[in-house]
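Everything on this sheet refers to the single structure shown next.
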Amino acid sequence: MKIGKLQLHNSLTRQKETFTPLEEGYIGMYVCGPTVYSDVHLGNCRTFVSFDIIYRYLKYLGYKVRYVRNITDVGHLLDDGEDRISKGARAEKLEPMEVVQKYTLGFHDMMRIFNTEPPSIEPRASGHILEQIQMVEDILKNGWGYESNGSVYFDTVKFSKEKDVYGKLSGRIVEELLVETRELKKQDDKRHPADFAIWMKADEEHLMRWNSPWGEGFPGWHLECSAMSTKYLGKTFDIHGGGNDLKFPHHENEVAQNYGACGCQPAKYWLHTNMLLMNGKKMSKSDGNTITPEGLFTGDSPHVTKGYSPMVVKFFMLQAHYRSTMDLTDDALQAAEKGYRRLMEAQKTLEGFSADGTAGQVDKEINELLDQAFEQMSDDFNCPMALARLFELVNKINGLRDGHLPMAELSAATLDRLKKDFHAFTHDIFGLKDDVADGEDGEKMDGLMQLIIQLRNNAREAKDWPTSDKIRDTLKELEIQLKDAKGVTTWTKA
RNA sequence: GGUCGGAUGGCCGAGUGGCUAGGCAGUGGUCUGCAAAACCAUCUACACCAGUUCGAAUCUGGUUCCGACCUCCA
């Protein structure tokens with residue numbers, strides 16, 4: 001495969017850089033996964049869809065990628081100091097691990113619905129308590145932490161003063177962090193507000209607790225990612241990803257912990273996805289500006305006029321760059337739905353082509369568009385640009401089908417490439433699938449439709465308009481639309 | 001208040017110092033038994049004010065507005 005250099009925007013340097021893996025041909029990528037204390041948020045879905053495409057594209061380029069995405073099932077503190085999982089357990093009268101199981105399964109279902117690939121390893125924080133305790137010990141041994149009343153804190157103050165590392169990723173000014181006077185509950189044992197817990201002493205009523213050299217307790221939230229990335233990807237690995245909102249404090253503290261334990265930066269490249277907004281505002285449960293994935297799919301929400309299929313939602317997400325905020329509106333979804341259908345239709349049309357012409361202008365343009373699509377994808381995973389080239393190809397495909405463009409100028413080799421690359425983009429890289437015709441039911445449905453189309457075309461040939469129109473109108477009532485192109489009739493869900 | 005990012009045509013959303021992003025919607029046409037679809041053509045832009053430049057939506061400064069983070073957050 002002939003692909004130009006891969007460029008990516010590194011949050012650590014705030015610049016686009018040429019990607020060079022630590023080990024030729026291999027990539028280690030860690031992405032912060034969900035905290036499984038409630039149903040997946042649509043914003044989570046965007047992040048994981050984005051990284052899924054990055055993962056898929058890296059693999060497409062020929063890299064062997066180890067993609068690690070954790071499940072946070074312990075140690076995530078709320079304002080009042082209570083663990084998120086424990087809180088969920090109390091609220092639902094369940095064992096903490098029941099809560100974890102329930103929402104982990106729900107999360108996996110949603111990832112499947114969005115047709116994302118599972119990561120290579122999906123470690124759980126609760127399964128890596130030993131590694132986390134070890135990391136706390138390493139940090140203590142290196143002098144970057146202190147024990148206080150059964151809890152262990154990272155000494156941010158000392159670390160900031162002695163190493164020029166803290167604040168680099170998130171762009172914080174350390175001096176300002178150090179004068180921060182905000183008081184947090186249950187953290188009275190800290191020497192300084194900027195310090196953060198790497199091991200927390202468990203209260204009497206705390207449900208999730210483990211033995212440690214410092215007594216019964218549980219790991220700090222930031223620690224799990226440090227411990228698990230180190231375990232599965234090594235002290236330094238290629239790519240670390242996550243949502244923009246995790247930059248501070250989570251990622252900043254992660255860097256501090258890794259540095260504190262191992263003396264080096266954990267990741268060479270940091271990738272951050274931007275937020276999904278709705279009607280121009282951040283989605284938030286408290287002010288009602290939110291929609292669940294299910295609500296989007298079924299249309300059962302005041303924010304949408306109808307339901308949109310998961311693939312339409314995914315296609316919608318692909319239209320914006322991963323580093324841009326994206327505004328979800330009903331109008332935008334309607335537009336996405338039509339665009340998505342158009343893309344899938346063209347895919348089907350293309351599959352029916354055969355050619356053995358002599359390469360002419362069309363041939364050249366098709367090759368150029370394909371080259372550009374890959375170049376743009378290699379430029380910091382610019383999906384919207386690559387998608388734009390794909391739509392220009394849709395235009396060519398439809399033109400060839402309708403005879404506006406000469407099929408005789410298309411060589412067999414180029415057609416073969418077009419079929420392969422187009423499919424690679426839509427299915428292998430973007431992870432889209434035709435939600436109308438793919439799958440077992442889809443095939444049955446398509447078989448039935450082909451029969452109906454044939455019967456209608458028989459009627460049309462006999463100029464039996466009442467019959468052919470009745471078929472067309474009845475199907476339309478069933479939300480199935482027939483499209484009569486030259487010689488071929490196709491169908492699609494309206 | 002601090003830090004960072006943004007402001008693009010009716011909507012969503014790319015991008016670049018001079019050349020059509022793309023999708024959806026609109027308009028005119030072609031095709032069609034009719035229609036839809038498709039195709040061809042086409043109209044709406046770069047928040048505001050200065051400056052740099054032969055030339056800026058793209059660079060610089062200021063203004064206004066918006067968002068994110070600073071506290072759990074993808």
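So that the names make sense, note that chain A is the first sequence line, chain B the second, and so on, each numbered from 1. Small disclaimer: the values here were computed from a predicted structure and weren't measured.
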Which whole-number value in Å describes the distance from [X] [atom1] to [N] [atom2]?
X        : N      : atom1 : atom2 : answer
A/His250 : B/rC70 : NE2   : P     : 13 Å
A/Met326 : B/rA14 : CE    : P     : 7 Å
A/Asp327 : B/rC12 : CG    : C1'   : 8 Å

Please name the nucleotide paired to [N] by Watson-Crick or G-U wobble geometry with both distances under 3.5 Å, or report none.
N      : value
B/rA38 : B/rU30
B/rG55 : none
B/rG1  : B/rC70
B/rC48 : B/rG62

Between [X] and [Y], does the ring centre distance come in under 6.0 Å?
X        : Y        : result
A/Phe51  : A/Tyr67  : no
A/Phe297 : A/Phe114 : yes
A/Tyr37  : A/Tyr103 : no
A/His272 : A/His9   : no

Problem - B/rC48 and B/rC65, which share atom name C1', separated by this distance in whole Å - result: 10 Å
Completion exercise
Residue pair A/Pro384/A/Tyr322 against RNA chain B: nearer the 5' end by closest nucleotide is A/Tyr322
Problem - Most 5' of A/Thr329 and A/Asn382 on RNA chain B, judged by nearest nucleotide - result: A/Thr329
Exercise for the section: Determine, for nucleotides 2-10 of chain B in 5'-to-3' order, which nucleotides have protein heavy atoms under 4.0 Å from the base (write B), from only the sugar-phosphate (write S), or from neither (write -). Expected result: SS-------
Problem - Near-strand residues of residues 458-465 of chain A, defined as heavy-atom separation under 4.0 angstrom from RNA chain B - result: A/Arg460, A/Trp465
Exercise for the section: Sequence neighbours left out, what passes salt bridge (Lys or Arg N to Asp or Glu O under 4.0 Å) with A/Arg342? Give chain and number order. Expected result: none
Handout entry: Quiz item: A/Asn398 side-chain donor-acceptor pair to B/rA37 base, under 3.5 Å
Key = no
Fill in the blank from the handout: Smallest heavy-atom separation, A/Ala336 atom then A/Phe316 atom, equals CB-CB, 3.8 Å
